[in-house]
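Everything numeric here is computed off the predicted structure, so don't read it as measured data. Start at 1 with the first residue, then count along the sequence.
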Amino acid sequence: MVIKSIEHQQQELRQELKLAIENLRKVYQNGNYDFIISHSEVNDRHGVGVLLKRIFKDDQNIVSIRSRNLYDGIDDFGNFNFLIHHDNYDISAIEEQVRSTLGNLKPKRILCIPYFLDDILTAIAVKNMFDVPLCSYLMDDQNIYINEVPDEYIKELLDKSDLCFGISRNLCQAYEQKYSKKIWFVPPVAPSQFILKDTIIVPPQVQEQHGVLIGNIWSQAWLDRLRETVRGSGVKIDWYGNPHRGWIKFEETELAQDGIIFRGYVESEADLVAKLREASFAVIPTAQEISSDERMEIAKLSLPSRIPFLVATAHIPLLVMGNRQTAAANFVTDFQLGIVSNYDCLEFREKIAWLTDAQNQDIIRHQASNLSQFLSSEGMENWIWDSLAQKFPVDSRFEKLGQYLSSATVVVTANEINNRHGTGFLVKRIMADTPNIFSIRSRNDYGGLHNFGCASYCLPCQNISRFGAFQAMTNLLEGVEVKQLFCVPYYPDDLLLSIAIKELCNVPLGVYIMDDQNVVVNKIPDDIMAEFLSKCSFRLATHPELRDAYEEKYGLKFYLLPAVVPDNLITTNTTFPQENHLNNKTGALIGSVWSQKWFQMLADTLIKANLKLDWYGNSNYIWLTDSAEEISQKTNITPYGIVPEPELARKLKNYPYIVVPTGTVDERDDHPELSRLSLPGRIIFAMASSHTPVILLGSQTTSAAQFVKKFGIGTICDYDGESFRQAVEYVTQPDVQKQMRDRASQVAQKFSALDINNWIWESLAKGEPSDYKFEELFMTKNQ
């Protein structure tokens with residue numbers, strides 16, 4: 001064993017020290033450093049620190065500069081980190097202080113996340129000294145809703161910045177308006193390793209009264225209001241975080257009694273994400289009022305980084321507590337990620353019930369999944385520096401968040417595509433697996449919930465002008481290669497948008513008319529309809545009567561595409577209900593009821609006939625304010641709400657008949673356009689999926705009546721108690737049931753939606769049907 005002498009050990013230490021000093025000298029002489037200037041230590045104890053470490057994973061070429069020690073001086077970011085605090089505002093003195101502190105370190109470029117005036121002064125000094133590219137990323141307001149930094153210094157920083165980012169659209173708009181400087185929207189990003197591609201995260205079970213809260217609450221008033229709201233609601237909330245107990249005070253046992261269980265800080269992000277994925281909703285507290293007492297600098301302009309984190313890693317629906325004009329509320333509602341509630345116990349419970357509804361969960365989680373890829377931290381460091389190099393964003397992923405696609409099939413509809421109305425069901429079905437759909441709509445008629453396409457856009461105003469349509473689509477589709485265009489029109493806006501896209505992109509345009517707004521009623525003017533149809537390469541209608549009416553009026557060829565049914569729900573072996581269901585004579589009402597008058601006539605008919613219906617469909621109408629129990633007592637119609645299609649198909653097989661209310665085509669009819677030229681898709685759905693006979697209430701001349709008679713799958717009666725009772729007696733006879741169900745089973749497969757999207761796009765490319773299966777189907781002899 002060799003024992004080194006003390007002198008020899010000292011010699012080795014001197015050599016190591018010499019090498020370390022030489023390495024340090026080389027490091028200092030290296031000018032290839034990125035300077036990142038922020039307000040405090042960069043660590044995992046606050047949002048800005050977490051975000052910087054998430055974006056700049058390889059921080060060895062970074063010099064980190066801060067102006068305050070707020071977290072025990074712990075800064076574990078960058079190759080070098082410095083505390084630079086200024087005693088005066090003399091720029092010469094500041095530059096000398098910066099030069100003295102940095103020594104030979106030189107920047108390649110600068111990213112400034114300003115909060116205190118010192119941060120701004122340092123950034124300006126470094127920019128003046130080295131004249132390298134400067135990017136300012138505004139994450140917090142210290143100038144508009146709170147006057148902590150004087151205007152002159154904000155203006156100088158923005159003027160000297162080669163590129164400016166803002167953490168919320170609210171903040172971007174406010175600073176752009178005040179300083180006439182373009183501020184690009186860049187939200188906080190989420191850790192890429194927890195973002196699942198093309199996977200919808202669904203909790204093991206929806207815990208209806210149990211949610212999560214993560215991170216800080218920035219006002220004692222916000223916490224106190226939340227406690228009061230949750231208290232007595234029966235809702236439980238797990239709070240994961242490390243709030244600053246200096247300005248947020250609470251006793252954990254008392255907090256738990258209010259329903260908020262404080263779980264503390266979770267060290268591992270993976271463990272936190274796993275907990276979030278088990279929850280059915282998350283709560284985001286913010287200001288109740290837009291006032292100076294409500295931390296407006298945070299509430300109005302700052303987007304909490306926890307929101308993109310929750311959305312991207314867990315796809316969790318969000319409940320924002322507070323004012324709808326806050327940045328948090330705007331982000332959540334703009335991107336259809338949840339809902340907003342006042343600090344009110346009753347409203348809070350109602351909003352929780354809405355959020356935990358299975359269909360709302362599905363829609364929101366799909367939207368979150370679509371957005372998540374654009375909220376990933378993957379490649380974000382390069383994106384920032386590359387954008388700074390060219391002085392504007394290298395792509396529109398954030399500026400057009402929720403709208404960004406490089407190439408797309410554009411589908412224009414009147415309103416949201418969801419399961420709350422028949423058009424929503426059918427559009428999703430016929431588009432099926434079409435990739436890269438850019439969904440554009442002119443209205444929000446269903447709460448803004450939209451579950452369709454990879455990107456979506458809703459017009460901010462109605463009754464758009466032709467110039468406005470061209471301007472809106474020029475801006476929206478900038479950088480997007482449109483492959484093809486398909487329109488399901490209802491309002492003039494839908495046609496003007498489609499005309500604009502057609503003219504701008506020169507791509508094939510197809511139209512699918514499901515509802516008449518021009519022949520029987522003239523809500524779409526003739527000149528706009530004529531221009532639109534002339535630009536279409538391929539025109540479709542849902543049934544012969546609608547096709548014939550438009551062909552006759554415009555002298556253009558239309559083809560048929562009925563309301564097809566999911567192939568996996570189609571039954572070809574005749575189904576038959578159990579005998580007790582036939583004897584019970586209770587039928588099913590499915591889908592929406594589009595007229596208050598039709599609904600009242602149906603209710604009167606049922607009461608006089610002493611018969612009942614179970615209603616599976618949307619019963620949320622302005623004119624129908626009664627509860628489900630009150631509706632059942634007053635009308636003999638028991639609402640069960642919207643159920644998933646597979647479940648509906650199963651249920652219908654055990655009903656002896658379904659009821660479809662239609663128009664009377666006389667003075668009683670308040671919707672003649674629906675009576676004459678609409679065919680409810682629910683008739684075809686029931687025929688193909690369950691073979692259940694149809695009792696149609698209304699005129700024998702409606703399009704719906706023509707379909708029922710053609711295929712021999714039901715009967716038609718008037719809104720009259722005795723007439724309806726006789727219709728029920730007729731269709732519940734075993735031999736009639738068998739006959740009608742046999743006829744339905746024989747044609748069921750011909751209404752399959754299998755590969756229908758390919759059929760549409762092939763037909764659009766040809767300008768005519770790729771095959772004539774639906775033309776032939778409706779040409780068959782009446783049954």
Between His39 and Asp119, a side-chain donor and acceptor under 3.5 Å:
no
Correct closest heavy-atom pair for Tyr175 and Asp141 would be OH-OD1, 2.5 Å
task = Mark yes when over 12 heavy atoms from residues, nucleotides or ligands other than Glu399 sit less than 6.0 Å from its CD; otherwise mark no.
result = yes
Check: Does the ring center of Phe262 lie less than 6.0 Å from the ring center of Phe250?
Finding: yes
| field | Test side chain to side chain contact (heavy atoms under 4.5 Å, CB included) applied to Asn81 and Val42, step by step | value | CA-CA 9 Å; Asn81 61 78; Val42 178; over 6 Å; no
**Prompt:** Do Tyr457 and Leu459 come close enough that some side-chain heavy atom pair is under 4.5 Å?
**Reply:** yes
Can you list the steps and then say if Leu102 with Ile65 is a side chain to side chain contact (heavy atoms under 4.5 Å, CB included)?
-> CA-CA 10 Å; Leu102 296 178; Ile65 301 173; 4.1 Å; yes
- Task: For the residue pair Asp151 and Asn143, confirm or rule out a side-chain donor-acceptor distance under 3.5 Å.
- Result: yes
>> Can a donor-acceptor pair be found, under 3.5 Å and without considering hydrogens, that links the side chain of Asn43 to the backbone of Ile74?
In response: yes
- Donor-acceptor contact present, side-chain Arg365 to main-chain His315, <3.5 Å: yes
Can you tell whether the side chains of Asp238 and Lys275 come within less than 4.0 Å, N to carboxylate O? no
Can you tell me if NZ on Lys391 sees more than 12 non-hydrogen neighbours from other groups inside 6.0 Å?
no
**Message:** Could you walk me through whether Tyr179 and Asp159 satisfy the side chain to side chain donor-acceptor pair (under 3.5 Å) test, starting with their C-alpha distance in whole Å, then the side-chain angles of each, then the deciding distance to 0.1 Å, before giving a yes or no?
**Reply:** CA-CA 9 Å; Tyr179 291 102; Asp159 287 345; over 6 Å; no
Query raised in the report: So do the side chains of Ile36 and Ile113 get within less than 4.5 Å of each other, counting heavy atoms only?
Result: yes
For this session: Check for a donor-acceptor pair, side chain of Ser168 on one end and backbone N or O of Leu301 on the other, with a separation under 3.5 Å.
Result: yes
Minimal heavy-atom distance between Leu276 and Ile316, with the atoms involved, is O-CD1, 3.9 Å
Tested for side-chain contact (heavy atoms from CB on, under 4.5 Å) against Pro285, the lone hit among Val320, Asn216, Leu213 is Leu213
Gln288 side chain to Tyr343 backbone, donor-acceptor under 3.5 Å: yes
Output for pair (Thr326 OG1, Asn170 CG), nearest 0.5 Å, gives 7.5 Å
* To do: State whether the number of non-hydrogen atoms from other residues, nucleotides or ligands found under 6.0 Å of Tyr265 atom OH is greater than 12.
  => yes
Nearest heavy-atom approach of Asn32 to Asn61 is O-CB, 4.0 Å
**Item:** Glu41 side chain near Arg66 side chain, heavy-atom distance below 4.5 Å
**Value:** yes
Quiz prompt | Derivation and outcome, side chain to side chain contact (heavy atoms under 4.5 Å, CB included), residues Met380 and Val186 | solution = CA-CA 10 Å; Met380 191 62 193; Val186 178; 3.6 Å; yes
Review point. Do the rings of Phe56 and Trp385 sit parallel, tilted or perpendicular, given the 30° and 60° boundaries?
Key: tilted
dist Cys458:SG -> Asn444:CG (nearest 0.5 Å) comes out at 4.0 Å
- Query: Backbone N or O of Arg397 within a donor-acceptor pair of the Asp395 side chain at under 3.5 Å?
  - Reply: yes
- Query: Is the shortest side-chain N to carboxylate O distance from Arg99 to Glu96 below 4.0 Å?
  - Reply: yes
Val98 backbone acceptor or donor facing Ser100 side chain under 3.5 Å: no
Quiz prompt | Ser161 side chain to Cys135 backbone, donor-acceptor under 3.5 Å | solution = no
4.5 Å side-chain heavy-atom contact, Pro308 and Val189: no
Tested for ring pair (Phe, Tyr, Trp, His ring centres under 6.0 Å) against Phe398, the lone hit among Trp184, Tyr137, Trp383 is Trp383
With distance as the sole test, does Ser377 use its side chain to make a donor-acceptor pair with the main-chain N or O of Ser192 at under 3.5 Å? yes
When rounded to the nearest 0.5 Å, the distance separating NE2 of His85 from CG of Asp118 is 5.0 Å
Gln367 and Gln336 have their tightest heavy-atom pair at CG-O, 3.8 Å
- prompt: Quick one: are Ser396 and Glu478 in side-chain contact, heavy atoms under 4.5 Å?
  reply: no
Query raised in the report: Under a 4.5 Å cut-off applied to non-hydrogen side-chain atoms, are Ile110 and Val132 in contact?
Result: yes
TODO: May I ask you to decide if the ring planes of Tyr33 and Phe80 are parallel, tilted or perpendicular, using 30° and 60° as cut-offs?
DONE: perpendicular
**Prompt:** Can you check whether Pro188 reaches Phe309 side chain to side chain, under 4.5 Å on heavy atoms?
**Reply:** no
Other residues, nucleotides and ligands only: do more than 12 of their heavy atoms fall within 6.0 Å of CD on Gln220? yes
| Sidechain N-carboxylate O distance under 4.0 Å for Asp34, Arg109 | yes
In this structure, CD1 of Ile37 is separated from CG of Leu157 (nearest 0.5 Å) by 9.0 Å
### Task
May I ask you to decide if Met139's main-chain N or O and Ser302's side chain share a donor-acceptor pair within less than 3.5 Å?
yes
Between Met473 and Ile440, does the side chain to side chain contact (heavy atoms under 4.5 Å, CB included) criterion hold? Intermediate values first, please. CA-CA 10 Å; Met473 294 302 96; Ile440 299 174; 3.9 Å; yes
Distance only, no hydrogens: is a donor on one side chain within 3.5 Å (strictly under) of an acceptor on the other, for His86 and Thr122? yes
Item to check | Pair Lys127 + Asp162: basic N to acidic O under 4.0 Å | outcome: yes
Separation between CG (Asp90) and CD (Glu95), nearest 0.5 Å, reads 9.0 Å
Nearest heavy-atom approach of Ser407 to Lys483 is CB-CE, 4.0 Å
Tightest non-hydrogen contact, residues Ala469 and Ile464, listed as N-CD1, 3.4 Å
Taken to the nearest 0.5 Å, the spacing of Ile339 CD1 from Ile364 CD1 works out to 7.5 Å
Which of Leu401, Leu303, Asn330 passes side-chain contact (heavy atoms from CB on, under 4.5 Å) with Arg169? It is Leu401
For the pair Gln142 (side chain) and Leu117 (backbone), establish whether a donor and an acceptor sit closer than 3.5 Å, ignoring hydrogens and angles.
no
ask   = Do the non-hydrogen side-chain atoms of Leu163 and Ser387 ever get within less than 4.5 Å of each other?
value = yes
For the NZ atom on Lys181, are there more than 12 heavy atoms of other groups (residues, nucleotides or ligands in this structure) within a distance under 6.0 Å? yes
